[in-house]
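A note on names: the letters A, B, ... follow the listed sequences, proteins ahead of strands, and every chain is numbered from 1. Keep in mind the model is a prediction, meaning the values are calculated, not measured.
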Amino acid sequence: MLLRRLCAALSCMPAFAFADSLYTFQTPQSSIANRINDLHTWIMLIIVVIFVVVFGLMFYSIFKHRKSQGHAARNFHENTVVEVAWTIIPALILAVMAWPAAHLVLDQKDTRDPDVTIKATGYQWQWGYEYLDYGFGYRSHLATPRAQIENYKGDVAKDSQYLLEVDEPVVVPVGKRVRVMTTANDVIHSWYIPALGVKQDAIPGFIRDTWFTADHVGTYRGQCTELCGRDHGYMPIVVKVVSDADFKTWVAEQQKKAKAAQDDPNKKWTKDELIARGKTVFEANCAACHKSDGKGGGPFPALAGSKIATGPKDGHIHIVLTGKNAMPSWAGLSDTEIAAVISYERNSFGNHDGDFVLPAEVKAARK
Amino acid sequence: MTTATETLHPHDAAHDEHAGHGGGHHGAAHSGWRRWVYATNHKDIGTMYLWFAFSMFLLGGTFALCIRAELFQPGLQFWQPEFFNQLTTLHGVIMVFGAIMPAFTGLMNWQLPLMIGAPDMAFARMNNWSFWLLPPAALLLIISLFMPGGGPGAGWTFYPPLSVQLGPGMDFGIFAIHLMGLSSIMGSINIVTTILNMRAPGMTLLKMPLFAWTSLVTAYLLIAVAPVLAGAVTMLLTDRHFGTHFFNAAGGGDPILFQHVFWFFGHPEVYIMALPAFGVVSQILPTFSRKPLFGYVSMVYAVCAIAILSFMVWGHHMFAVGFPATAQLFYMFMTMLIAVPTGVKVFNWIATMWQGSMTFETPMLFAIGFLCLFTIGGFSGLVLSLAPVDIALHGTYYVVAHFHYVLVAGALFSLFGAAYYWLPKWTGHMYSEKMGKLHFWWSMISFNVTFFPMHFLGLAGMPRRIPDYALQFTTFNEIASIGAFFFGFAQILFLYNVIHTIRGGVGPAPAKPWDGAHTLEWEVDSPAPHHTWETPPDEALVRRGLIAQGLEH
């Protein structure tokens, strides 16, 4: 039985290194990812050889040197030459592994001279991207509908890119050096695209960076890889690699859109405008926990009829800005967004409180 | 039976009778529940540790099964995501601090005095405290689940700022860690003092059983790092409640500082769980190979080298935080270096079996199972030690697979091996070999079904600690979940076998049930009397054992 297990283990070892992506890395799409893949293959080859030797000796001994075979024990218990040899030889093997790895570390760490620089900010639970050279940015949310996720009762069919789709992907030009600077707004997140060979923690208060150059046009998907609270499993990262020309068109569009979407700080908001805007903010940020109908779930209380949503405005603004227990701080949203979502919450779910909050009030409360 | 044991046993019997009348000058002065609550006898305390550890193992295992049930298919089936995080956290904390560590402390309590010829642990009264701090700690962890916001859901590593954000359940987790750390430190002081001061005449440091060596080094590691962990969680506590900003960048702190402090504890902690396992296997393999342990001295050096290196490699848990290249390289080289002493140990174990006269009783099966699986875990560790590859695999299921191969197959399998090895000594009865072997094969197969596919999940990019996953990960997750349930039920078999053995097993056990065993614990009766080695073992007796172990000529 042990032998059969050994054979099974041996037969899937090479698959580790060579076969399709079911058993190894996703097909590499950048020079760094390619080199990681090659390094891994190289190491696995060495490991397979050591595995065969070590397990071969062990199982030979297990089958031949057993009492039931009438084998008598020999009483040796040390041999300086052998012991020195199996200290030094593994050390030399390690050197053969360390050399290419060290080169790759140095190249991974070299983020100089980028063509495009993108700042990725982790939020609970979405990603914010800023194209620093082009002066625009946006948020990227999970696009999989909640109905597909919450499978407590029945089966809703899942999309082929279930949990790996976002409303606004990162767009980068093919063949260009892209530098990704990561930071976070609340807790530590990690920006990870397996096919491109990049992973970099996003740390609040600090900026780190990494880089990649995508080899082919296409869409590459990854997920946050640092436990960041409730919706850790629901903050995918999608990178769309496009041609240079397409990238330029896209940038121009985004710049135009950004200008149009900017909230005019002098705009006089009416109650209805705020409530309408607040509904979209709520769906994007709050509905995951408090549910679209405001009924709440788990540790997240219902907003419908809650003391906060029907009580004084100040308390409501305060809790959105600072968070409480499992609820994170939402201070990363703009004044207008916070004012809008509070106005929405106070006038929906049967709360019909009647009052609403202006962006200026949020601004004042931040101090 | 030797003359030495013959002179010894009448004494023991006399003493037992004496103790039975409630007049022992120490230990066994109480009966009923008082015997356990006031216990100062190393055997009683060892027993309590082992039962505590096993019940925590079942609890932590139940959490693991809750995790695997949720992960059986994509979509949320059973739990809310925040409860899933609490499950993973408590599974980790309970298995590390509640199951594996106390189980080894229990083994050390039971076996060290017997193996080195000491009458008891050095600080018998403190030993009582070391144990009785654990149940309240476990209770705190369980209560935390019922706090507003639930239990600590930040992972067993408690990284801030997430752990600063969570509700009062987190504080319960912190206090539980404080208590368990105190318990570990006291236990370690006891172990160090016992080993250094109470060895039998003629047993120098380089002649004591390897299990004593690994216990000694483990205890030193714990004394060095348990206060570091206590410091880290205390800083967390003051950040949470008293306005400090150790880990808050907005106040001048650094979230990564916590990771440095945590892993300065956390990496040696890995060896705190692995070294005693090395010791156990180094006792079992020679016994059932009927040959002395190969390369005793290089084994001792390897243990010490691993312990020292373990303090220099914590950064390999943090390759993704964005170290400068020099730090990345330093930690990579140091981490790779650990493969050398670890390799020496594996080669020595194989050389111990080589040209032996092996039999395959359950302890031997578990020891060989340990050797096979720990080696695979070592290989995946080597893969992870390479910083560029680690960048691709950090935070994915590959890591989960790796550390379960070294901790379940490493620490847990060796614990099962130890339990079967010493059960006759503890209970005075032989366990059922048939059931033991069934337990081994069932565990061995289901363990691999559970954790081997996780390598593939990690390579393909599935993050760990997610309650729900993308569709391409479905098949391997299904296989892993099925394996996990089989693995879980296998442990009920172990429980049954142990109870069966306590109730008489398949018959009474002789003082020395294994013909290849030569350490001192096999010189006392089975079951080991309540008081043993009240007069130190005779020098000739010790010497004869050492010669049989190849430690003296």
Contact part of [X] toward chain B, heavy-atom cut-off under 4.5 Å: side chain, backbone, both or neither?
{"X": "A:I188", "answer": "both"}
{"X": "A:L227", "answer": "both"}
{"X": "A:Q69", "answer": "neither"}
{"X": "A:T210", "answer": "neither"}
{"X": "A:I203", "answer": "side chain"}
{"X": "A:M97", "answer": "both"}
{"X": "A:A101", "answer": "both"}
{"X": "A:R66", "answer": "both"}
{"X": "A:D107", "answer": "neither"}
{"X": "A:Q200", "answer": "both"}
{"X": "A:C224", "answer": "backbone"}

Quiz prompt | Salt bridge present between B:D515 and A:K67 (N-O < 4.0 angstrom) | solution =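 Salt bridge present between B:D515 and A:K67.
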Would you mind checking which part of [X] comes under 4.5 Å of any heavy atom in chain A, side chain (CB onward), backbone (N, CA, C, O), both or neither?
{"X": "B:D254", "value": "both"}
{"X": "B:P453", "value": "neither"}
{"X": "B:A351", "value": "both"}
{"X": "B:Q259", "value": "side chain"}
{"X": "B:L393", "value": "both"}
{"X": "B:T375", "value": "side chain"}
{"X": "B:L293", "value": "backbone"}
{"X": "B:D468", "value": "both"}

Practice problem: Anything under 30° is parallel, anything over 60° is perpendicular, the rest tilted; go ahead and classify A:F51 against B:F379. | Solution: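 A:F51 vs B:F379 ring planes: tilted.
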Practice problem: Look at the aromatic rings of A:W86 and B:F347 and report parallel, tilted or perpendicular, splitting at 30° and 60°. | Solution: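 Because their plane-to-plane angle lies in the 30° to 60° range, the rings of A:W86 and B:F347 count as tilted.
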With a 4.5 Å limit on heavy-atom distance, are the side chains of [X] and [Y] in contact?
{"X": "A:Y152", "Y": "B:Q80", "value": "yes"}
{"X": "B:Q472", "Y": "A:L164", "value": "yes"}
{"X": "A:Y234", "Y": "B:P467", "value": "yes"}
{"X": "B:P81", "Y": "A:D231", "value": "yes"}

Practice problem: Under 4.5 Å, counting heavy-atom pairs only, tell me which of B:F473, B:F360, B:F288 racks up the most with chain A. | Solution: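 Between B:F473, B:F360, B:F288, the count favours B:F360.
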Run the side-chain donor-acceptor check on residues 318-335 of chain B: report pairs under 3.5 Å with partners two or more places apart or on a different chain.
unit_1: B:Q328; atom_1: NE2; unit_2: B:F319; atom_2: O; d: 3.3
unit_1: B:T335; atom_1: OG1; unit_2: B:H316; atom_2: ND1; d: 2.8
unit_1: B:T335; atom_1: OG1; unit_2: B:Y331; atom_2: O; d: 2.5

Quiz item: Would you say B:Y301 has more than 12 foreign heavy atoms packed within less than 6.0 Å of its OH?
Solution: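 Count not over threshold, so no.
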Quiz item: Do other residues, nucleotides or ligands put more than 12 heavy atoms under 6.0 Å from the CZ atom of A:F76?
Solution: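 For A:F76, atom CZ is crowded (more than 12 foreign heavy atoms under 6.0 Å).
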Quiz item: Out of curiosity, B:L162 CG to A:H189 NE2, how far, rounded to the nearest 0.5 Å?
Solution: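 Taking CG in B:L162 and NE2 in A:H189, the distance rounds to 9.0 Å.
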